[in-house]
Each structure stands twice: as structure tokens, then as C-alpha cells.
Amino acid sequence: MEDIIIRMVNIVKSFPGVQANRGVNLEVRRGEIHCLLGENGAGKTVLMSILYGLYKPDAGEIYYNGEKVEIRNPKDAINRRIGMVHQHFMLVPTITVAENIILGQYPSWKVLNDMPAVYEKIEKLSKDFDLDVDPSALVQDLSVGEQQRVEILKALYHGADLLILDEPTAVLTPQESEHLLGFLRQLADRGLTIVFITHKLEEVMQVSDRVTILRDGKAIATLNTKDTNPRELARLMVGRDVLMDLKKKEGQPGNVVFSVRNLRVTDERGLLAVKGVSLEVREREIVGIAGVSGNGQSELALALAGLIDCEFDEITLNSTPITKKDFARLNHMGMAHIPEDRQKMGLILPFSVSENFIAETYRDEPFSKRGFLQFRTINDYSKSLVEKFSIRCGDVEEEIANLSGGNQQKVVVARELDRRPKFLLVNQPTRGIDIGATEFVRQQILAERDAGAAILLISTDLEEIFALSDRILVMFEGKIMGEVPPDYSLIEQVGLMMAGKSAVHA
Amino acid sequence: MDLLPVVIFLQSILAATWRMATPILYAAVGEIFSERAGVLNIGLEGVMLIGAFAGYSVAYESGNLILGLLAAIASGILSGLIFSFFTITVKANQIVVGAAYNMIGMGITGVLYRVFYAESGRALSLKTFAPIEIPFLSQIPFLGEVLFKHNIMVYATLLLVPLATFVLYKTAFGLSIRSVGEHPKAADTVGINVNRTRYFAVIIATTLAAIGGAFLVLAYADQFVEGIVTGRGFIALAVVVFGGWSPWGAMGASLLFGIFYALQLRLQAMGNIMIPYQFLQALPYVVTVLVLIGLTKRRVQAPKALGVPYK
Amino acid sequence: MNWVNFRARLKKVFRSAWTPFAAIPIALLLGGGVLLLAGYNPITAYEAMWQGAFKDKTAFTEVLIKATPLMFIGAGLAVAFKCSIWNIGAEGQFYAGAVMATVVGIYLGDLPRFILMPLVLIVGVIGGALWGMIPAYLKNRFGASEVVTTIMLNYVAIYITGYLVTGPMIETKGMFPQTPKISAAAWLPRFFPPTRLHIGFIIAVLLAIILYIVIFKTSIGYTIRAVGINPIAARYAGINVRKNILLAMAISGGAAGLAGSVEVAAISYRLYQLISPGFGFDGIAVSLLVNNNPLGVIFSGFLFGALRSGAEVMMMTAKVPSVLVYFIQGLVILSVVAFGAYRATTKEIEE
Amino acid sequence: GGQQATEAPKAEEPTKAAEAPKAEEPTKAAEPAAEVKFKAGLLAPGPVNDGGWNQTAYEGLKKIEAELGAEISYVETEQSPAAFEKALRDYASQGYQFILAHGNEYTDAAVTVAPDYPNTFFFLSSSRFFDPKVPNVVGLNTDSSQPCYVFGYVAAKMGKGAGLIGGMEIPPIAEAFTGFINGAKAVNPDFPVKVTYLGNWTDTAAAKEAAISYVDGGADVLLGNADFATQGVFQAMAEKKVMGFSMFGDNTDKAPESILINYLSDYGEGLLEIASQVKDGTFKPTSNYEFGLKDEKVMWLVYNEKAATPVPADLRKEIEGVIAKIASGEINTLAK
Ligand SMILES: Nc1ncnc2c1ncn2[C@@H]1O[C@H](COP(=O)(O)OP(=O)(O)OP(=O)(O)O)[C@@H](O)[C@H]1O
Ligand SMILES: Nc1ncnc2c1ncn2[C@@H]1O[C@H](COP(=O)(O)OP(=O)(O)OP(=O)(O)O)[C@@H](O)[C@H]1O
Ligand SMILES: [Mg+2]
Ligand SMILES: [Mg+2]
């Protein structure tokens, strides 16, 4: 009765200097939701890319519906009704949703004269699956959540029996994630098979039938979900026990380090995205900003980083008033930030690890003397950070682009924290990183607080907000809806505030 | 004041505008395909030269302009294959290959022209495409002269621009091209052969550029000379950017360039203005920059993957 | 300075620099085929070419002289390209430098040599830098693409030069349009007379080395590279992107302008209408050929100089028309990049 | 003779070669000339197949080859002063006795190089250079303003207005145009003549457009002097059915009904005399050379009888007189 849709046997795949898969075995049953778990860099994405025809394995076999197959390219995969939603979305931003969905579906000479029919089909599909998508919108105008729905719709439109989703929830709000998980269940019930990669153990527990754990390029176990628990999964993944709940000391807020009054920010489209936000952050305090993404948090962060224009009545840092001109100097005035999107904002990809470590301090002593970079000092410093933050990389001279996402994030965190900032702006610090790294990053942020920093934490992950914050501000449509203490019993209420309901008590 | 001279002055300029714009427009529309697919070809000058020579020599030898045009097209395809091979298959830097191709174009046409024509002592001009006067319309005062007395290759641009727009925006091929230049990996994941798409886009570009070059000898001047393209390939590159990577935009940009080029020639011919002629010569180039500045609102982005080889 | 590190890097540079030379035989072979087809004896032709470039001391110094402007321009362009600014305008910047140098060399000709000579070079740098900063400013302020503006400004610079030498600065009305000679006090010293090898060559090599150090060893270079790769991350890190675009264009334009002033102060001593035979365009290939590494530019500039210099003699003695030389040069570049790209698939050679 | 042959390589060491006595030697060595290879080189500023300026020089050189059995060679120099000097030295050091640098932009370079190679004569086209201090640099000017004076004269007699299209503003071009204007003004001081410069030598299309622009503005006589690009002017004449002239060659076939007069020149004829003296070692210049309509073998005019409106007979008579006056110097075609 075991109906195996996919069997991957002894898959080996190396890249120059890295063995991503070292003989992976994987079996997926028809109609199940199968989770893939593993630390950053364990080889999950590579394995699935092989299944989707993006990479050719160095060795190993793939059986699809019991038949040995060779999937040479994505076209092959699509023809075999395999669909994939990639970790980094594979949508062309400058064309419409519908165009993205039909991309590659027609022979070149085809005149696209049946777009109305395509629209209709998309609308029908999206109604069917309760995915709200406008086929005529440009992808670049969509939110991350919407883009993901387009990706899923694309796979369904192409006709998928097997749907692979690579960390789909990493970029979603809790509500969106919730919705997605329900939706996946619904798909599975209709007979689709789903392979689901995630770092969030609750999601694994909640939605999957079985789970396979990858470590160091090998599948080390496949378990029935109902026979396991998060603690065991975490241990299998990381190879040690992971603290599931951070032990957070009571905060002892001191003087106000950073304050802003009536901040107004206009977004790219010319709309007011932050509508008069006032807040202050004290020494030894973490202020969390909760909210569904798209409610002005990104703009708030970008404005404070000096990347987009803003207006305000007053901003002070260490009781020094800040003018707009000063933003470029905030780096030097004791402010650090961990940006939302590490690749776009935090890192310079073709640069080496060590060059990225000095991105903000490269012109300060001792890294630079009389304008000359001091390579030995920089390398020594980088090595110490790599060690301290246990970043996995070949060498500090290695291009940072070769590191896995989690390790890239660690580089950013290490760089920012090591500057011992007085004020730290943290935006989505653990997005897409594995639980070991997450634990580590959160501990570092707490340690920084305890050492005296004032920290403003922006996250769409409520769990994270509650775990770290001393005070929680809820943001909705560019405004602060109210403040709540980090008391798990109030989680419901925060959820309501995030949806726009005013605070009952603040 | 007598209006007639002013009208004639304008008519003279506007009639020249479209002709002057045509070779640039062919090359620019082609280059839009290539750049939209992510391949920058600064070798247009060389491609146009080769097209001009191929068109000329075959038309001259056969006495048939259409054959000449076909030869230019063939040369364009060949140029495209060579350029693609180096930039797409070998993944060499596109700008260097383009620069090299300009030299190759200059060299090969120069040598062949000398070996086969310059030293032959033959009469070298050919009969170019004659202007076609559109019945009735060409009789309309002013407009008739400006719009309805051109040759077939000039009129053809009226077909070319909408056709290019149609292919780019209304066909699966155009969609692939636009995707491949913006996010090639995304295109790859839905089964589009990125490199093959780029090959085709580049070949379209070089073919149209070759036609633009051939225009110079088959439908404008009547003889090949070394270096006849005289920078039009570079102007076409600028026109592509200026026109925001759209065929209609390119049409506007090349007409703008054409009108100011015609204006400066006309002003020089008037002879009694006190401006040094070099300043008049610089006029079309300065105006292009000024208009570009004026268009600040319209921030059209270059295709994201422009200049980047895939994989 | 870290000596071991330095030596390792030098080795890398050599490794990337010999590629062009390894690829040349392939190009020459292909070119030989075309020579044969066109009715020339490739052996004689190439022998003449070799003789032209390396026959004796004089020939060799002429190669260096021809390479000099290309090294200046190529090294400068490397900086702009590292900052991802597509400066197609080195030609115009060369003219701007040449014009400034001539103006100062003529109208301030009475200044003492030790002031005038450096001054002529400095104003050349300033002229080129300012001409290069116009597109940078337009890009920063209006988002105008530098590809368009630099191409257009080339024409403008050439026409302005034409105006100056046929009009206000002409030596003798009705004679060949050229300015008078600049004051002899501004002439750059030549060494090894009677060869024309001049101090400008040394300056070019030094500039290439300096720009290499600036780009790869200093904090300024760090910012320029960072801006070139990821302007958003650069801004996030507090780097002023616009200022760096201006700076990179100023360096790039300044180097091209210096090339122009050196050409005037060391070779022509005066200004003509078409004083550059397309140095600005060759410079693009010179820089990109070595992956925008200013040190590599010394080699690729030399390569181009040798080709051009040899080409002339090939034309004289083997009677091969010069246009064919363009063709061979194009082939050399193609095979060099193809060879380089092939090697890059095994291991990226850069910094 | 033998002496000279061994001497040539030595010229590389200019200091020695420059010693006074040796400069005299070619005269003595002249008798057994048979063994001496006479070598003539050309520096052309553009392609020698341009059907214009550069081609006249190249054909001149070929004439020297044919008539004197010279070994000839040409080089199309880069338009960079750095290239000029090198090319001159390359020829001189290879023992070329006769070097024609075709344009007065080469003047500086020739004057710099000449003292190092006293056995070589450097001739500069479109130049009036002569300086006894550098006796082996000699300017040769073919005065195009003279035939153009005649063109202007005819234009003012037969047309309503004239447009002149030049490549760039350099003396051979500007002087030719001055001649044209003077000729026209001699007939009718109010006759409209305008000048356009293209800024290059290759853009036939722009040249054609410039010519059409004149016709639109009311001119009915055209003259192009823009090297390659001149082709576009001929085409415009033919298309617009206006009158015109041709320089440096017979271009009747390009605009058979339009061209009234072809100005033909045989630079070689002018060079030949000089070259044979150089070959014999008897060449002792005392001044620069000026070729004009007086040198009938070097430049002459040919009427196009098939033109739609050929130059009428009485006008031709008049022109004969004008030419005579120009040849005698009575008319200064370059007068301001
Ligand atoms: N194209 C590539 N070139 C070189 N190395 C690669 C490439 N793709 C992946 N790798 C390396 O292979 C290893 C496995 O990568 P993979 O992307 O599969 O990790 P992952 O398990 O998906 O991690 P994450 O959870 O961070 O997404 C990593 O060390 C990564 O750096
Ligand atoms: N260590 C510092 N402390 C305080 N202010 C500083 C410090 N370093 C730089 N600044 C100031 O910060 C402002 C902008 O930052 P920064 O110097 O990084 O600008 P930039 O444009 O990137 O300069 P550069 O081109 O020199 O890198 C400048 O006004 C500068 O004077
Ligand atoms: Mg992954
Ligand atoms: Mg900075």
C-alpha cells in the first residue's frame, strides 16, 4: 500500500570546495506532506534543486512513480508535473502575474492573444484554492506574501502532482503562514504530494506527515511526525540539545538612548507609510515592534538608517539632537543596524567575508591607517569574529556569496554587535536561519542588551517578539496601535491589534 | 513678415529628419531586443559596417537591391552568431567583444572594399531605392514633402516599430526575451533556454543593425565608403537607453536626434548666423543630453541582467 | 606592507596578465588566414610587424610611447568600471585634458619650467576630471544614464576643440588648424634621445600602480568597489554613493585628461582638431581585457601599443593596408577575452 | 651608389649621419644610379582609395613607381601626432630618399625629423613651407583655389546660389572654398555662396543631406570637398537635378546631368619632375613649390558635354581668359 512517488537514492553533489550532498536517500509517499529539516547549509535546497532539474547530480538515482528518471532541466520537471516554489522567488518583477505564470509555457512563435482566457483560468484557480491574486498586477508591486501566492499558483497552473516549497514561511507573517499551512493541508487532501522545507519546528509538527532530517549533506533520519517532538528534531538537526526557550533576565531599563517624535515616512509609491510614529528606547531595553509586514515597519527601519527620506519633529541619540544630515553619521555615533534583507542591504556579495566584516569600520583605526587598509589586522579581526560567532566558512578570504544564508546572517549580526552599539536597530534578525543559529543570534541580542545597549527590534515573528522584548509596540497601517508587556497571555490581544483593533489596555 | 521661407525651412528640416533617423532606428530597435535579453552589444558600429558592405557588394554585383538587402541580413545573422558565441557561449565580457567587433568590422570591410572595388577602377555607385511618392498624400502641401516622399526602407520603419513592439509585448518569444534579461534564473526555472533565447535576441539585433547599415548604401548614399557608418552605432546605443528600451521610445529618440542633426545642417547652410559651425555640429548631442535630463521623472531601469552572462 | 601577501598578489596579477600573450598566437593564426586570402604573405607581414615593434631600441620606445595614453586611460577607466559606471567618454575627457594643457602651455608660457611643467599636467587632470564629472553629476542629480551622456559629451568635446583650433586659438589663420606650440618650458623631458621616450610613460606606469593600490589597498578604493557592487548595501553602511560616483568619474576622467595633457606636453606640443585617434575607445578594451585591474592595464596597454606600432611597419614594408590591422587587432582582443573567459570558468582571477 | 646603399642603415644614428660632408655625397654618388634602389614613401592622413585627397597622392606615387622604377610604399597614419614622427623616421631610416607627407599637419614632425636624415627629402602637401635651415623639407602646394575660382565664376554666371560642403576646416578645403567665393564675387558680388562643414570625411549620408538642405534653401549649384563623403553631394546633385562641380577626378558618371566641369589633377605629374631630380641627386630646392592652373599637366578642367545645361560656348571663351589671368598671376584666387 506504500505508494512512493519519489525515491532519491545516494544523491551526491559537490561544488568547488563544498560537498553539498554526500549520498542522500529520500523517499516521499504520494499524498503526504513531507518536511525536510536541517541546519543552514545542510543541503536541502541543493537536493530539491536536483529533483527539479536545476542541478545535475554527480551521482545517484531518482525514481519517479517507480520509474527511473533523469530530470535534465526544469522543463523536464514541469512536464513530469513537479512544481517548485523557490527559497528566493523565481518571478520576473517587471512583468505581470499572468505573464509570470504562463512564462515558458508556450512555444516561442505563439502570439499571446488568449490572455483573457489565461486571466480567467488564473482567477478560477485562485478562487478554487482561496489564493487572492490579481493576474494583471506587476510582480514588483506585490508584497512578499502575494508573490509567494503567485509562485504557488504558478506551480498549480502548470499542473503539479508534487509540489516542493523551499522555506515558504520564512518571509511570511504569522497569519500568512497559518493560512499557507492550512492551504497545504488542503492540497494534500486533494491528493497532491508536498515537500516542505522549513526551519520552524512548530510548523513541522503542525502540518507534516513525515519528516526527513538532513545534516552535513546526508539524510540522517526519516520520522513519522506523530512519533516525534520538537526537542528530538532539534537535537537531530544540530547534533546537540537546543534551548527552546531563552532564559531572559528581567530588563533594567536606564536612561533614554534613542527617541523619535512624530516620524513620517513616504514610501516608493508616494504614500505615507509611517504616519507619525513616536517612541523611545532606553539603555538595557529591547523594544519590540510587532506587526504584519507591510504596515510601515520596513519604511521605519529604512528611514532610521538614512536610506529613504523622512520628516520628524525630533530625533535624539544619546540626548544629542539628530538632523537629517546626520543620518550618514549615525554609524559613527553609536548606532548599528541589522537590516531586513541581508543580501540586498547587509552584504556586498562578491566581497570576501573579511571585507564584509569591515563594511562600516573600514576607515577607522586599526583597519585603516592613513587611508590604507591593514589587511593583516582585518584578517585577524575577521578570524576572531568567525570563531566567536561560529560562522562556517572556508576562510575569511572566501567570497561571502559562497556561504549559506544562515552564515551570511551571522556575519551581519557579528559585524553589528561587535561594534558595541549604544543603539541597535534590528530588523528580522533570524529570518531564514536555522534553529541553532536562531538561538545563537537571539542570545547575542539579549547579551547586548544586558551589556547596556538600547535595542529596537522589528519582527513579524510574534514568537520572536515575545521571546526578546521588554516592551512590545504594535504597528498597524503606519501607526503605533499601543503598547503591551511581553506576556504570552496577551498574544491574542497583540494579534488583534496587529489587525487594527485598538488596544484594550495599554 | 513673409511666412513662406519659414515653412520651407521647416519642411526641409522635417523631411530630412525621418531619413536621418532611419538607420539609427533600425539599429536601435534591434539593440532593444538584445539588451532586453541581457546582452549589450557596443559592436553595433562594426555590425552596421559589415551590413553596409555586404549589402553594397551584392547589390552592386547583382544589380538587385533586394538581393543586397538579403545579403546584409545574412551578414547580420553571421555577426550575431559570432557575437553570441563569444558573449553567450564563451561568456566573454560583452563590452570587450563589442569593442573588438568594431575593429573587425572596420578592418574586414576596409580590406574587402579595397581589394574588390577601390582598385578596380569601376564606376562604383548603384541605383538606390527610389523615393515612392504616395498618390494624393504626397501632394498635400508641406506634409506631402515631409511624410510621403520617402523610399521603401524609410516607410518600413513605420512597420518595424509596431512590429517590434508586438513581438516584445505580445508574443511568447517577447515575453521570454524580457524575462531572460531581467531575471534569467527565473526564466530558467520555468524551462526557458536562457542562452538560446539570448542568441535569437542578439541575432535580431545584429540583423536589424546590418539592415540599418545597408540602408546607408542601398537607400541613402549610393556607394560604400570606408567608415560610412560614422558613429551611428554609438548613437543607436544611446538612443536605446534614451528611449527607455522601448521601440516607440527609440523612434522618438532617433527622430529627436534626426531633427536636430537636420537643423544644424540647415543652419550651417543659412550661413548668416554668427554661431561658430562647430557649436551647430554639437547641437544634436547637447540637445540629447538636455532632453534626457528633462525626463527625470521617467526613471526607466535598464534590464537587471544587462551585461551579465548566465551561469 | 605585508610582503608575502603582496608577492602572492603580484603573482596573481602576472597570471592574469600573461593570458593576453598566450592568446595572441591563436589570433595571429586566424589573421594569417585572412592575410593569405587577401593575397599577402602572412610570414612577411608578421615579421614586419615584429620588427616594427621590437627591432631596436627606437622601435621599442615607440611602442611604449603609443602605450602611454592607453595606460593612462585604461587605468582610469578601471576605476570607473569597478564602480560600475560605464564611462564611454574617455575620448572626450582626453580632449578636455589636451585643451586645458594647451591653453595653459600657451597663455601662461612665461612661467618658470618647474611651475609650468607640472601645472600643464595638473590642469589636464582637472580638465578631464571636470568633463568626467558632468555625466556623474547628471547621473546623481537627474538619473541620466552615463552611457548616453558620455557618448554625447565626446562629440561636444571634439567639436569644441575643433572650434578652438580653427578659431580663437589658431596659430596662423588660413594655415593648418593648429594652435601655436606650447611654451618649451612646459615640454616633458625625454630620456634616451634621440628616442622620444618621455617621462609621461613613467607617470603612466606610476599612475597604474597608484590606482591599483587605491582600488585594492585603501579605504577609498573599498568604498568605490562597494558602491560598484551593491550601492544599497553601501548606503546602508554609511557610504555616500553619489559622492563616490563623482569621485570615480573624477579619477577616470582625470586620468584620461592627464593622457591628453601628456600627449600635448610630450609629443605634439600643440593642439589639433583630431588629436586622439580613438584612444578613449581603445582604453575601454585595454581595461576590460584585464578585468579592470589597473596593474594589468600596464600589460594590455603595452600589447595595444605594440600592435599599433607594429601595424604601421607592417603597412610600410609588407604593404598590408592598415585597415587589415584593425581586423587583426580585433581578433587578438577576441581571442584574449575568450581565453580569459575560458580560464575564468576554472577559477576567477581578480584582485 | 654603393656608398649610398651602405649609408642608408647608418642613418639610424642620426648624429653621425648629420655630419656635413655626407650631405653632399648623393650628388657625387649619382652616376652609377642603376644599382641604387630609389625608394619613395607616402604618409597619407586617410585611406588612399578615397577618390579624393589621399588618392591623388597615392596615384602620384604610383606614377613615380611606373616612370622611375621606384620602390614605393605608403602608410595611412593614425591621426595622432605621435604617429607622424615615427612613420617619418621609419621610412627615413629604411633609406627612403623621397617621402611625401600628404598634408601640412605633418610639418612639425618633418621639421623635427629632417635634420637627422639629410639624405632624405621630406615633401609636405598643401604646404608653403620652405626654410633654408631645414633644406630637405619642402612644401608642395596644389592650389585648388584656382580651379575653384573658375567654378565660382561659372556658378555665378549660370546659377542662383551655391552651397559648398566640406569635410573639416583645413587649408586645402578652406582655400578651395575661398577661391570659389572669389570667383563668384568677381561675377556678382551679391551671389549667395554658403559653406557647411560635416565634421568628418566619411558620412556620405550627412553630406547628401547637407546638399539637399542647400537646394531646399534655393541654391542650384553644389560643390563637395569632403573626401569619401563627397559621394553624397554628387548623389544629391543628381537627385535634385541641380548643377555642380567635381574635384580631383572625373565624377561625371555619378551625376551625369549635373556636373558642369571636372577639375582633374595629376599630382604625380608634379611630383615626377621633382622625384627624378631627387633620384639623380640633382635636387636643390630654393623655394617651396606651388602648382596651379599654369601647370597644365598637374591640374586642368574638363567640361561635361552631356550635362543638362552644358557650359555655353561664350562662357567657355570667357573662362579661357580667366584661366590665363590666373596662370599669369593677374588674378589672385586667394585674395581676401
Ligand atoms: N551554486 C552553488 N555553488 C557553490 N556552492 C553552493 C551552491 N549552491 C549551494 N552551495 C553550497 O552547498 C551547501 C548546501 O547548500 P543548500 O543551499 O542546499 O543549503 P540549505 O540546506 O538549503 O541551507 P539554508 O537553510 O541556509 O537554505 C552550502 O554549503 C552552500 O554554500
Ligand atoms: N569617525 C567619524 N565620526 C564622526 N563623523 C564622521 C566620522 N567619519 C566620517 N564622518 C562624517 O560622516 C559624514 C558622512 O559619512 P562618510 O564620511 O562615511 O561619508 P562618505 O561620503 O562615505 O565619505 P567618503 O567618501 O570619505 O567615504 C561626513 O560628513 C563625515 O565627515
Ligand atoms: Mg536553502
Ligand atoms: Mg564613507
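Labels below follow one simple rule: chain letters A, B, ... track the order of the sequence lines, proteins then strands, and each chain is numbered from 1.
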I'd like to verify something: which residue of Ser145(C), Gly39(C), Pro135(C) has the highest number of heavy-atom pairs under 4.5 Å with chain B?
Ser145(C)

Tell me, out of Ala92(B), Gly98(B), Pro309(B), who's got the most heavy-atom pairs with chain C below 4.5 Å.
Ala92(B)

To the nearest 0.5 Å, atom CG of Asn102(B) lies from atom CD1 of Ile333(C) at 10.0 Å

Return the option, out of Leu138(C), Leu153(C), Ile158(C), with the maximum number of heavy-atom pairs under 4.5 Å with chain B.
Leu138(C)

Part of Leu324(C) lying under 4.5 Å from any heavy atom of chain B:
both

Pairwise side-chain contact, Ile104(B) with Leu334(C), heavy-atom cut-off 4.5 Å (strictly under)
yes

Do you know which of Gly46(B), Gly307(B), Gly107(B) has the most heavy-atom pairs with chain C at a distance under 4.5 angstrom?
Gly107(B)

List the atom of Ile108(B), the atom of Phe327(C), and the distance in Å for their closest heavy-atom pair.
CD1-CE1, 3.7 Å

So which atom in Gln278(B) and which in Tyr159(C) form the shortest heavy-atom distance, rounded to 0.1 Å?
CB-O, 3.3 Å

Euclidean distance, Ile284(C) CD1 relative to Ile42(B) CD1, rounded to 0.5 Å
5.0 Å

From the list Tyr155(C), Trp86(C), Tyr326(C), the residue making the most non-hydrogen contacts under 4.5 Å with chain B is Tyr155(C)

May I have the list of side-chain donor-acceptor pairs in residues 281-294 of chain B shorter than 3.5 Å, sequence neighbours left out?
residue, atom, partner, partner atom, Å
Gln281(B), NE2, Tyr197(D), O, 2.8
Thr288(B), OG1, Pro284(B), O, 2.7

For Phe234(B), give me all partners under ring pair (Phe, Tyr, Trp, His ring centres under 6.0 Å), at least two apart in sequence or on another chain.
Phe281(C)

Between Leu331(C) and chain B, with a heavy-atom cut-off of 4.5 Å, which part of the residue counts as in contact: side chain, backbone, both or neither?
both

Where is the tightest heavy-atom contact between Ile95(B) and Leu288(C), given as atom of each residue plus distance?
CG2-CD1, 3.3 Å

Need one label for Phe279(B): side chain, backbone, both or neither, based on atoms under 4.5 Å from any heavy atom in chain C.
side chain

Examine whether an atom of Tyr113(B) lies under 4.5 Å from a heavy atom of chain C, and if so say whether it belongs to the side chain, the backbone or both; otherwise answer neither.
neither

Heavy-atom nearest pair, Ala99(B) first then Ala285(C), reads CB-CB, 4.3 Å

